[in-house]
Amino acid sequence: MIASISGAVRAQSTYPLANGLTVNGLVKAAGGTTDAAFTGSYEVRRLAELPDGSASAKIFDVSSADARTFNLKPLDHVTVKRKANWGTTEKVTVSGEFLYPGEYVIMPGETLKDLVTRAGGLSAEAFIGGAEFTRMAVKDLEQKQAKKFANDIKRTLAATLLTSEQEKTADLATLNDVVDKLANYEGKGRLVIDLKQALSGDKAANLVLQDGDRLYIPKQPFSIAVVGEVRQPGAHLFDQELSIDDYLSLSAGSTVRSDEDNLYVVRASGAVIRPETSLTRFVKTSVNLQPGDTIVVPVDGGYQNVLPFWRDVTQVIYQGVVSIAAVSGL
């Protein structure tokens with residue numbers, strides 16, 4: 001005759017059933033409970049034979065007090081329950097302009113606001129609008145999107161090359177390079193957050209933390225970057241009196257391959273903003289530029305030589321200017 005035990009005990013196994021063996025006795029035979037055990041009650045599954053020869057199971061919930069006198073029967077199985085989240089160590093990392101940057105072990109339900117408080121708050125030089133928050137689940141999603149993006153490019157441009165009269169050898173080399181980089185893109189995992197709103201008590205913005213999350217707060221920036229199809233890409237000192245057009249002029253204007261109708265601005269937080277347009281030109285006041293913004297002038301997707309467009313897209317991804325999702329919207 002035997003009885004078995006599993007769960008939060010030191011030696012889960014099957015044991016000989018001596019006369020008068022209780023639940024407590026079986027737990028002791030299994031080396032006792034682990035630190036993760038919930039000992040308020042134990043579950044006992046008991047098999048019984050029915051008149052037709054089949055077996056049925058009955059579950060007993062045995063309290064810790066009754067476990068000392070509850071006698072086991074042959075083939076009984078005792079389960080010692082585990083405490084939820086006991087022994088698991090979930091960690092997040094904060095870096096940059098915190099008073100106490102470093103790694104923190106989190107409890108279930110902790111939020112961005114809780115984390116900032118535990119890290120001593122932000123320094124006087126912190127740029128809250130540039131908070132960079134990354135999450136492993138988002139990184140995994142970006143990898144999947146990048147691979148899908150690579151397959152879409154390969155199918156679309158391969159078909160284009162079949163009817164193209166341009167030199168195909170170089171174009172195929174460019175195409176293969178783009179597809180290879182996207183297919184092997186590891187992802188950044190950045191999730192756009194509004195930390196200012198989270199710290200103010202906005203429940204919708206106050207994200208619940210997960211294991212592996214990272215939060216970086218940079219110093220206050222003083223520049224505006226201009227990238228993409230401009231003659232002189234680079235960064236310029238921020239001037240609140242200057243508009244998007246002014247910064248384009250400081251970058252020597254756009255190239256013939258540019259698509260100014262689809263120009264957009266990437267905030268330091270990662271948010272993407274598209275300016276409002278009129279029939280003739282961007283409305284200069286449609287975007288209130290802020291320090292740390294990046295003005296992105298995309299290439300015209302309908303330009304005759306389309307392959308460099310995808311090459312440029314890949315470069316933008318690797319520079320970390322925009323996310324895969326934003327690129328897909330070009």
Do the non-hydrogen side-chain atoms of [X] and [Y] ever get within less than 4.5 Å of each other?
{"X": "Leu242", "Y": "His236", "value": "no"}
{"X": "Arg68", "Y": "Thr22", "value": "no"}
{"X": "Leu122", "Y": "Phe98", "value": "yes"}
{"X": "Val265", "Y": "Val272", "value": "no"}

Using a 3.5 Å cut-off and no angle test, enumerate the donor-acceptor pairs between side-chain atoms of residues 201-226 and protein atoms at least two apart in sequence or in another chain.
residue: Asp202; atom: OD1; partner: Ala204; partner atom: N; Å: 2.9
residue: Asp202; atom: OD2; partner: Gln197; partner atom: NE2; Å: 3.2
residue: Asn206; atom: OD1; partner: Thr111; partner atom: OG1; Å: 3.3
residue: Asn206; atom: OD1; partner: Leu112; partner atom: N; Å: 3.4
residue: Asn206; atom: OD1; partner: Lys113; partner atom: N; Å: 3.0
residue: Asn206; atom: ND2; partner: Thr111; partner atom: OG1; Å: 3.0
residue: Asp211; atom: OD1; partner: Lys91; partner atom: N; Å: 2.8
residue: Asp213; atom: OD1; partner: Arg135; partner atom: NE; Å: 3.0
residue: Asp213; atom: OD2; partner: Arg135; partner atom: NE; Å: 3.4
residue: Asp213; atom: OD2; partner: Arg135; partner atom: NH2; Å: 2.7
residue: Asp213; atom: OD2; partner: Gln210; partner atom: N; Å: 2.7
residue: Lys219; atom: NZ; partner: Glu97; partner atom: OE2; Å: 3.3
residue: Lys219; atom: NZ; partner: Glu125; partner atom: OE1; Å: 2.5

Non-neighbouring partners of [X] that pass side-chain contact (heavy atoms from CB on, under 4.5 Å), sequence neighbours left out:
{"X": "Ala57", "result": "Arg45, Leu47"}
{"X": "Asp140", "result": "Gln143"}
{"X": "Ala18", "result": "none"}
{"X": "Phe38", "result": "Ser41, Lys81, Lys83"}

(request) Would you please test Phe70 and Tyr42 for ring-ring contact (aromatic ring centres under 6.0 Å, His included) and show each step? (result) CA-CA 11 Å; Phe70 189 96; Tyr42 302 91; over 10 Å; no
How would you list, by chain and number, every residue that makes a salt bridge (charged side-chain N to carboxylate O under 4.0 Å, His left out) with [X], sequence neighbours excluded?
{"X": "Asp114", "value": "none"}
{"X": "Glu132", "value": "none"}
{"X": "Arg46", "value": "Asp76"}
{"X": "Lys148", "value": "Asp152"}

(message) Checking the side chain of Arg231 only, and the main-chain atoms of Ala252 only, is there a donor and an acceptor separated by less than 3.5 Å?
(response) yes
(message) Within a 6.0 Å radius of atom CG on Leu237, are there more than 12 heavy atoms belonging to other residues, nucleotides or ligands?
(response) no
(request) Check whether more than 12 heavy atoms from other residues, nucleotides or ligands sit under 6.0 Å from atom CG of Asp52, and answer yes or no. (result) yes
(request) Please go through Leu141's hydrophobic cluster and name the other residues, only I, L, V, M, F, W, Y counting, with side-chain heavy atoms under 4.5 Å joining them. (result) none
(message) Please enumerate all residues that pass ring pair (Phe, Tyr, Trp, His ring centres under 6.0 Å) together with Phe127, with sequence neighbours excluded.
(response) none
(message) For Asn71, give me all partners under side-chain hydrogen bond (donor to acceptor under 3.5 Å, both in side chains), at least two apart in sequence or on another chain.
(response) none
(request) Please check if any side-chain donor atom of Gln232 sits under 3.5 Å from a side-chain acceptor atom of Ser251, or the reverse. (result) no
(message) Taking side chain to side chain contact (heavy atoms under 4.5 Å, CB included) as the criterion, tell me which of Val296, Leu250, Val297 meets it with Val230.
(response) Val297
(request) Run the numbers on Arg190 and Glu142 for salt bridge (charged side-chain N to carboxylate O under 4.0 Å, His left out), then give the verdict. (result) CA-CA 9 Å; Arg190 186 166 183 181; Glu142 285 179 342; over 6 Å; no
